[in-house]
Amino acid sequence: MTDDPTPIKRNFLYEAIDADIASGQVQGKIITRFPPEPNGYLHIGHTKAICINFGIAQHYNGQTHLRMDDTNPVKEEQEYIDAIQDDIRWLGFTWDRLCFASDYFEQLYDWAIVLIQKGHAYVDDQTVDQIRANRGNLTEPGTASPWRDRPIEESLDLFARMKAGEFPDGSRVLRAKINMADPNLVMRDPVLYRILHATHPRTGDTWCIYPMYDWAHGQSDWIEGITHSMCDISFEIHRPLYDWCINRLAEENAYPPGITYKTRQMEFARGNITTLITSKRKLLQLVTANHVTGWDDPRMPTLRGMRRRGYPAMAIRRFWEEAGVAKRENLIEFAKLESLIREELNRTVQRRMAILDPLKVIITNYPEDQIEQMSVINNPEDETAGRRDVPFSRELFIERSDFMEDPPRKFFRLGPGKEVRLRSAYWVTCTDVIKDDQGNVTELHCTYDPDTKGGKTPPDGRKVKGTLHWVSAAHALDAEVRIYDPLFLTENPEQVEEGKIFLDNLNPDSAKTLKNVKVEPALADTQSGDRFQFERTGYFCTDSDSTADKLVFNRTATLRDTWAKVQKQPNQQKQKQKKKQQQRSASPHKKD
RNA sequence: UGGCCCGUAGUUCAAUUGGCAGAACGCCUGGUUCUGAUUCAGGAGGUUGGAGGUUCGAGUCCUCCCGGGCCAGCCA
């Protein structure tokens, strides 16, 4: 396991574990597990459970198992088994054991027989529909299956023949015999085994009956010696069944080898984040309907997507650590995650200059053939990152948005007659604005002050407010930059009004490609996954599509931008006024 | 309507288990700055869902009410 992201923030799970240790309930190591079903890719929601389970074990100097909950072969695939491990490694966690629920199929089967022998389970011949109909509902008790009291020997025989493949899918199930009137519907004789003639990615065609979650999960925990099984709140109502299964076996002294205690399940609320969806089904829909380019689309909240987007794994881990753990519903502001992403990147990543929307600048008093290497600091937050040389010449590119022909008072950038600093280079003053026939600005003419080399203040002590990033036109590399914005427009995209679906909340402008980007030559040999801050524009990550001939960068996040906020303000005020007026005119006091 | 769970700044969580309701993010103001970034200083923001009760003292204990969530897969 890697280093702690931040000091741990205690929560009720720690309290409970401390109590279990204090009471002697648990002796020895604390062992947790992360039990994904290999039926899809991991997403941000899963990372909360990963951080909790690995984090707690780490805190107690214990162990964590990665266990594939592979009990439903019709949905699970080897591809996901591999991807899940890859993603967890990327997050920075290392499991002490890799386990598979399918490794326990034999044991689970044997235990099921024990249950039948003791009269705690029976084979039911009802159809799916009959079982559903007889389960009752929230207010009415269920009705017993006609097979509920069939002789133990008969169930034993039938169960063996289910396993032997004598019956078609859906013809029979093994059910626990608990209580058809239990107010908790989970306890109304839950199905333990179903017949599935399907090929399992690991056990192949060995089995044609497969255990249900409720029968497999708790016992898998128990077999592995998991002390605390932490899962999301949706399993809370399953806890009585979880305990019931283990207790029935414990009564028969059927403890797994070396195990002396019963695993304790504890539940926490899953974490929701504004504008993000964490439903495997809906994520799949985005992929299949081509709303995104794939599971690793940088806009996807999958680990693969976030990795490609450039999110640091540590930011995700710190996010959950700082968010905390509780049992109440929550919707965490994306800004919280973003601030951690920026904080990690600001500290660790080198700066480069890139012009997203180039505007040509000619320094008219700069010698035509001259090239100077300007020494630029790589990361002001990290001296060990050193410096690099960036070529400067007579023809440059600056950001189009850094020039305004008729700038407002507080615009610190370039305008006719205005002077700015080119970062680590020279101070320049705009002398001429060149336009095309349509009146579009195509080029700026500037003069530079040789006394400001390196960007330093000239001897006369005059000041400039603005510092711009730039690249030398002759030395610039062409690049493509992909700008990403939230995939969804609404805070809670999964919440939709009547007659609408979550896809209606899609942001039509979540991805934009800038194809005419000019970057400094130091970016020539960047590799996929490299991260940078492009000065004044944001954090970027070299995309997997990037090649030496065609550089491609993804925007991970923007820098905080108070100037943009200032610009927006007048509009907001106008809107507020408008709203007020509308409210007034809509007021009941005013008659039409 | 049955059962279970949950209500503390805008958001997410704390509150030494009955002792002055705090932090982070967000927001606002100002300082510094060769990134309008970073950073630093400060500020606003709370009837702890509500009403009773116990107590010298209640976010914490008790009662009632209100609000929200989950459960009727041979998914996990």
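Residue numbers begin at 1 in each chain, while the letters A, B, ... track the order of the sequences. Note that this is a predicted model, so its numbers are computed, not measured.
- Counting atom types as modelled, A:Glu140 pairs no side-chain N or O with a base atom of B:G2 as donor and acceptor under 3.5 Å.
- Between A:Tyr213 and A:His238, the angle of the ring planes goes over 60°, which puts this pair in the perpendicular group of the 30/60° scheme.
- Salt bridge annotation for A:Asp125-A:Arg172: present, with a cationic side-chain nitrogen under 4.0 angstrom from a carboxylate oxygen.
- One atom, CD1 of A:Ile273, and another, P of B:G26, lie 15 Å apart when rounded to the nearest Å.
- Put simply, CG on A:Asn272 is 17 Å from P on B:C6, counting in whole angstrom units.
- In this structure, A:Thr71 reaches the B:A76 phosphate: one of its side-chain N or O atoms is under 4.0 Å from OP1 or OP2.
- Scanning atom types as modelled, one donor and one acceptor separated by under 3.5 angstrom connect the side chain of A:Arg413 and the base of B:G36.
- Nucleotides B:G49 and B:G69 are separated by 15 Å at their C1' atoms, to the nearest Å.
- Using a 4.0 Å heavy-atom cutoff across all strands shown, A:His217 reaches no nucleic acid atom at all.
- Contact of A:His469 with B:A37 (side chain to base): no donor-acceptor pair of N or O atoms is detected under 3.5 Å.
- For the pair A:Leu340 CG and B:C25 P, the computed distance is 9 Å after rounding to whole Å.
- Between A:Tyr80 and A:Tyr41, the gap from one ring centroid to the other is short of 6.0 Å.
- Between A:Phe235 and A:Tyr242, the distance separating the two ring centers is not shorter than 6.0 angstrom.
- As a whole-Å value, the separation of A:Lys465 NZ from B:G31 P is 8 Å.
- Each of A:His238 and A:Lys453 lies near RNA chain B, and the nucleotide nearest A:Lys453 is the one positioned closer to the 5' end.
- Under the Watson-Crick or G-U wobble criterion, with both distances below 3.5 Å, B:G7 is paired with B:C66.
- For the OP1/OP2 pair of B:U8 and a distance below 4.0 Å, the side-chain nitrogens and oxygens of A:Arg328 include at least one atom meeting the criterion.
- With B:C74, B:U12, B:G2 as the choices, the nucleotide that has an atom nearest any side-chain atom of A:Val128 turns out to be B:C74.
- Atom CD in A:Glu333 sits roughly 7 Å away from atom C1' in B:C25 (whole-Å rounding).
- In the set B:G2, B:A76, B:C74, the nucleotide with an atom closest to the side chain of A:Leu138 is B:G2.
- B:G2 and B:C71 make up a base pair, with Watson-Crick or G-U wobble contacts both under 3.5 Å.
- From A:Arg531, atom CZ reaches atom CG of A:Leu345 across 6.0 Å, with rounding to the nearest 0.5 Å.
- Judged by atom type and distance alone, A:Arg10 does not reach the base of B:U16 through any side-chain donor-acceptor pair under 3.5 Å.
- In this structure, A:Tyr213 does not count as stacked on the base of B:A76 under the 5.5 Å centre distance and 30° plane angle limits.
- Considering only the side chain of A:Glu381, B:A37 comes nearest among B:G36, B:A37, B:G2.
- Using a 4.0 Å heavy-atom distance criterion, A:Tyr193 is classed as making no nucleic acid contact.
- The nucleotide B:A76 finds no pairing partner, because no Watson-Crick or G-U wobble arrangement with both distances shorter than 3.5 Å includes it.
- Under 4.0 Å is where a charged nitrogen must lie from a carboxylate oxygen, and between A:Glu37 and A:Lys75 no such pair does.
- Distance A:His197 NE2 to B:C74 C1': 13 Å, rounded to the nearest Å.
- For the OP1/OP2 pair of B:G36 and a distance below 4.0 Å, the side-chain nitrogens and oxygens of A:Arg536 include at least one atom meeting the criterion.
- An OP1 or OP2 oxygen of B:U12 is reached within less than 4.0 angstrom by no side-chain nitrogen or oxygen of A:Lys9.
- Between A:Arg172 and B:C74, a side-chain N or O to OP1/OP2 separation shorter than 4.0 Å is absent.
- With rounding to whole Å, A:Arg194 atom CZ is found 10 Å from B:C74 atom P.
- Scanning atom types as modelled, no donor and acceptor separated by under 3.5 angstrom connect the side chain of A:Arg560 and the base of B:U38.
- Atom CD1 of A:Ile52 and atom C1' of B:C13 are 13 Å apart (whole Å).
- Ring orientation note: the planes of A:Tyr109 and A:Phe159 are close to parallel, at an angle under 30° on the 30°/60° scale.
- Closest approach to the A:Val191 side chain among B:C74, B:G36, B:G2 is made by B:C74 (side chain taken as heavy atoms from C-beta onward).
- At the heavy-atom level, A:Pro35 lies nowhere under 4.0 Å from the strands shown.
- B:G42 shows a glycosidic angle more than 90° from 0 and is accordingly assigned anti.
- Among the protein residues, A:Ser339 comes within range of the sugar-phosphate backbone only, with heavy atoms under 4.0 Å from sugar or phosphate atoms but none that close to a base.
- If you check every strand for non-hydrogen atoms under 4.0 Å, A:Phe411 touches a base.
- For the atom pair A:Ser279 OG and A:Glu494 CD, the distance stands at 5.5 Å (nearest 0.5 Å).
- No engagement by A:Glu343 is indicated, since no non-hydrogen atom pair under 4.0 Å with the nucleic acid exists.
- Taking only side-chain nitrogens and oxygens, A:Asn330 comes nearer than 4.0 Å to OP1 or OP2 of B:C13.
- Residue-to-nucleotide contacts include a donor-acceptor pair under 3.5 Å from the side chain of A:Gln533 to the base of B:U35.
- Among the nucleotides B:C71, B:C75, B:U38, the one closest to the side chain of A:Asn346 is B:U38.
- In this structure B:U17 sits in the syn conformation; its chi angle is within 90° of 0.
- Across all strands, A:Thr562 comes closer than 4.0 Å only to sugar-phosphate atoms, never to a base (heavy-atom distances).
- Counting only heavy atoms from C-beta on, A:Ala335 has its side chain closest to B:C25 among B:C25, B:U35, B:G36.
- Checking the phosphate oxygens (OP1, OP2) of B:C75, no side-chain nitrogen or oxygen of A:Lys280 falls inside 4.0 Å.
- Base-pair partner of B:A14: not found among the strands shown (Watson-Crick or G-U wobble, both distances under 3.5 Å).
- Nearest-nucleotide positions on RNA chain B place A:Gly324 closer to the 5' end than the other of A:Arg135 and A:Gly324.
- Side-chain proximity of A:Glu15 to B:U35, B:C75, B:U17: nearest is B:U17.
- Residues A:Asn378 and A:Arg352 bring a donor and an acceptor atom of their side chains to less than 3.5 Å of each other.
- Side-chain nitrogen and oxygen atoms of A:Arg132 include none within less than 4.0 Å of the OP1 or OP2 phosphate oxygen of B:A72.
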